[in-house]
Structures are given as C-alpha cells and as structure tokens.
Amino acid sequence: MSNLFEALQERGFVQQCTNVEQLSRLLSENQITYYAGFDPTADSLHAGSLVPIMAMAHLQRGGHKPIAIIGGGTTVIGDPTDKTEMRSMISAQQIEKNGASILQQLQRYLDLGNTAGFFLNNAEWLLSLNYIEFLRDIGKHFRVNEMIKAEGYRQRLEREMGLSFLEFNYQLLQAYDYLCLFQKYDCVLQLGGDDQWGNILAGVDLVRRIEGKRVHGLTFPLLTTAGGAKMGKTAGGAVWLDSDKTSPYQFYQYWINIDDRDVERFLAFFTFLPMDEVRRLGSLEHDEIREAKAVLAYQATKLAHGKVEADKAQETSRAAFGGGGLDLNAMPTTTISTERLDSGIPIMELFHEVGLTTSKSEARRLIQQGGAYVNEKQYKTIDVIIDADLLEEDALLLRAGKKRYHRVVLGEA
RNA sequence: GGGGGUGUGCUUGAGCGGUCAAAAAGGGCAGACUGUAAAUCUGUUGGCAAUGCCUACGGCGGUUCGAAUCCGUCCGCCCCCA
C-alpha cells in the first residue's frame, strides 16, 4: 500500500482532512477501519453517492476495512433540512427496506457483510438512547458557541434560514455514531461530503474528549458539473443506481452527455483507471474527447451494472449515434394492444402515454415545435392519428427531440 | 412575551382590487448550428374534453359583483426588544 492518501488526493477526493501527515502515515502503515454514512431516504442511491462509494472502494482495495452506515436512527426523526415541506416521516420498515436495497448497490463496489467490511444501521445504538444520560455523558462535551461556528450552521444562521433544535442536534448524534464505531470497531476515519465537515470534526473531538484518542476525518469536494448543476441530476430527475429507475442505457448516456470540461475529473472520480490513463484521456480534444467520454461511460456503467449491461448499453449507444441502426432491444418499450392501435391513437396521447412527455400539453408543444418523430418521420401537427398502417415490423419507433427514444410493440397490453 | 417585516410558478424575484396563468432573470424543453459537448441564435415553458374550462400566488375563514392584491386568524421564516 504505497501512499494511498496521495492517490486519493491525486484523484481529487480530498477536500478537507484533519491532518494530512498523520492520516497519510496511518493509511500506509496500518490497516484501519473507516466509515461513511448513507441516507436511507430513498430505496436507491444515485450518481452523487458515487463519490463516497468510490473513495471507500479505493481504500478497501488498499487493504482497509469499510463500514457503511445507514442513518436509520436519524432518518426516523425526519430530515428537517427541507423546511418547506412537512418533515417526511419515514417508517422504520421503509428505512429497513431502503437500507437493504442500498446495501445491495454498495456491494457492487465494496465487499461488505463479512470480515472485509460491513454494514450497520445507526438505529442500533441511537434508538435506545436515554435523553438525560445522553445529555450528561455526551452533551456536556459540546460547546454551543463552538458548534455555531461550523460552516453549515453559520450559513443557516446568517442566511434567512431557520435552524431547529432538532437539526442542531444532528451534529451530536453523528458525533456519537463516530464514538460508538470507534469503541466497538476501532474505527478511526470518517469520510463524507464537505458539508459534513463540521459533523465529522464534532465526532473527532468527541472521541478525543472521551477516549483520549486521535481519530481522523476526510471530506470530498461537493461535485457540480462544469455547467454548475448538481452532479447526477438530469431533467428527468436523479441518475439512480437502481436499474429499474435509471436503465443501464440511460446511465451510460448520462456519462456520455457530460460537459467536455468534466471528463478528466469524472474519470478520476468514477473509474479505477490509472491516473496516467485518466490524464491522457482528459487531454484529448475535439472529436477525440468523445472517445474519452465513451470510456468513462463504459467504466462507470460496468461498475454500477456489470460488464454484460455495460456492453449492451455501449452497443446500443453506438448503434443509435454511430450512424448504424438502433438497438431496439435496449430501448424502453411499451406494449399496446392490437385493437387499440387498429382504432387509432392520437399522436399526442401516444407520446404522453409512453412517458416521453409528462403531460399532453407538453406533448402538444413537442409536436408543434418539431421534436416528435414516429419511425424517424417528423410530425408537426397534433391531429395526426397513429394506427396500424404506420407499423414497421409490428412496432413503432417514437422519438422526442434528438435523443429520447421509445418503442411501441403490439401485444396483450 | 412585545414590536416590525415577510411567504408568489422548477428556482430567484416583480406584482396598481378587475386587462394576472401572473413582469423579469435563471433553469428546463424544442428548433437551427455542432462532436450524443460547450457557446450562440429562435421558439416554448400549470393542466385539460382548449377561441372555453379547471387548478395555482403559505393554511383556513371573511369583505367585495370581483382578491395574489383588503380584513381576521393560524403556520413558517427574518430583524429589533425582553
């Protein structure tokens, strides 16, 4: 394990860190246990979560032992950050279920569930806490005037944002997590997004105060795309790791479609390619950079969905955009009964029904603006009726805009 | 607890009691140009059985022929005082 820390740094994972020299030495001289938390608010992780996941994977490959935590204990309270909506209370069962799905996804990247690494729910120790004892044993170590200096809180206080006492306490709970993990598993490093820095430091402090031991924290930069958007978001919503929510093909396309300026950074973050290769690919220009994007897309898809799916997505993409025919098999498909088609379906309805537009009005606009195609023929009037006469090989190929395809086949709908 | 503000569409943010589905910008979508990129230009951007109807300006109630605009109340947020 030669200088794992530098490797992480080189790939761009390091934003802030408790102590560079100590951590660097710790990583190269010892086998340590480290952890990062994942929120079980949804039943799938999304592309944004890949940063911590990849960092954890690098460390595991370097011989260290990961613990993935899901915030079962904190999520039951509801996340107060989103103050515009009623706190969404998620049931314990839902969290349990979400956690299970998330675990499955993590296992594609990490070896969990045995001695090489494991997965815990912080509900295990948080739910049984006694308030008075907690205040006495843990609360006494926190100074409010220190806490409000933490960047996250300060911003909330300075801006026009509320900060509930509940939310203020997240820091204590998270710090307590760290303490428990240190005590039970000798965990000495916490990873997280840069917004977690304050909470991570709180944990580091707590361990020092109670156990007198020095533990570490490391944060990742919060990734945005060159366009300034949040990483992993598209018009259609988040890019999920769950293949039912975001198909491997869509996942692949997300990476293919990124901004040129993000290529090198993303290759470093989201693939395991050696940095020499990353830099070479990142320096390609003009047409060639598409090759770099293809590598990124393929590698990222392979990690998330496996080689078979990645190969399929790549073929589909090449076929669709490389000039050849389209790969119909990997395309989202809707089945419509023969009778319905025989009686004719208004084009607007069809586009809306298969999900290419979110409303019929949107379908109308799409059509009127020339973005609607059936079997690669443009239709610009909304009164077109699609019926069996338009079938080609018993199917219809719908297209919205340049890139979104949908196939309609006949069958028992 | 007292006083003063404020709450608008995906976001920021205008909005005289009628002409407000609501200015403007950003974002999104589509078209042109391209490299499945960026930049630029054009159009578009609540929904629907669509020259009309429904829903929407924090929640509820009221005044009015008529309210995002006035009043009451509740809730959230901000500032000052305690």
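First the proteins, then the strands, lettered A, B, ... as listed; each starts at 1. The structure presented is a predicted model; accordingly, all values stated were derived computationally and were not measured.
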Shortest side-chain distance from [X], nucleotide among [options]:
X: A:I256; options: B:G47, B:U36, B:C33; answer: B:U36
X: A:K360; options: B:A49, B:A30, B:A32; answer: B:A49
X: A:K403; options: B:U36, B:A50, B:U45; answer: B:U36
X: A:R364; options: B:G35, B:A50, B:G47; answer: B:A50

Please give, in whole Å, the distance from [N] [atom2] to [X] [atom1]?
X: A:Q368; N: B:C29; atom1: CD; atom2: C1'; answer: 14 Å
X: A:D262; N: B:U36; atom1: CG; atom2: P; answer: 18 Å
X: A:Y379; N: B:G31; atom1: OH; atom2: P; answer: 17 Å
X: A:R261; N: B:A38; atom1: CZ; atom2: P; answer: 9 Å
X: A:Y373; N: B:G31; atom1: OH; atom2: C1'; answer: 8 Å

Looking at the base of [N], is there any donor atom on it, or on the side chain of [X], that sits under 3.5 Å from an acceptor on the other one?
X: A:R404; N: B:A30; value: no
X: A:Q369; N: B:G43; value: yes
X: A:S317; N: B:U36; value: yes

| request: Indicate the ring-plane relationship of A:H305 and A:F251, choosing parallel, tilted or perpendicular according to the 30° and 60° boundaries. | output: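 Ring orientation of A:H305 relative to A:F251: perpendicular.
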| said: Partner lookup for B:C48, please. Criteria are Watson-Crick or G-U wobble with both distances under 3.5 angstrom; report none if nothing qualifies. | reply: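 Check on B:C48: paired to B:G52, both distances under 3.5 Å.
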| Watson-Crick/G-U partner (both atom distances under 3.5 Å) of B:G72 |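 Matched B:G72 with B:C60 under the 3.5 Å cut-off.
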| task | Could you measure between the two C1' atoms, the one in B:U73 and the one in B:U19, and give it in whole Å? | result |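 Result for the C1' pair: 32 Å, nearest Å.
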| Whole-Å C1' distance, B:U45 and B:A21 |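 That atom pair is separated by 12 Å.
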Kindly list each side-chain donor-acceptor pair under 3.5 angstrom involving residues 49-58 of chain A, sequence neighbours excluded, with atom names and distances?
from, atom 1, to, atom 2, distance (Å)
A:S49, OG, A:H46, N, 3.4
A:S49, OG, A:H46, O, 3.2

| message | When you measure from the side chain of A:R11 to the backbone of A:T271, do you find a donor-acceptor pair of N or O atoms at a distance under 3.5 Å? | response |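 Flag set: sc A:R11 to bb A:T271 pair under 3.5 Å.
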| task | Taking the side chain as every heavy atom from C-beta outward, state whether A:L191 and A:L189 have any atom pair closer than 4.5 Å. | result |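 In short, these two side chains touch, coming nearer than 4.5 Å.
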| task | For A:I289 and for A:G371, locate the closest nucleotide of RNA chain B by heavy-atom distance; then report the residue assigned to the nucleotide nearer the 5' terminus. | result |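 The residue whose closest nucleotide sits nearer the 5' end is A:G371.
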| said: For a quick check under 3.5 Å, do A:Q190 and A:Q196 share a side-chain donor-acceptor pair by atom type? | reply: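 No, A:Q196 and A:Q190 have no side-chain donor paired with an acceptor closer than 3.5 Å.
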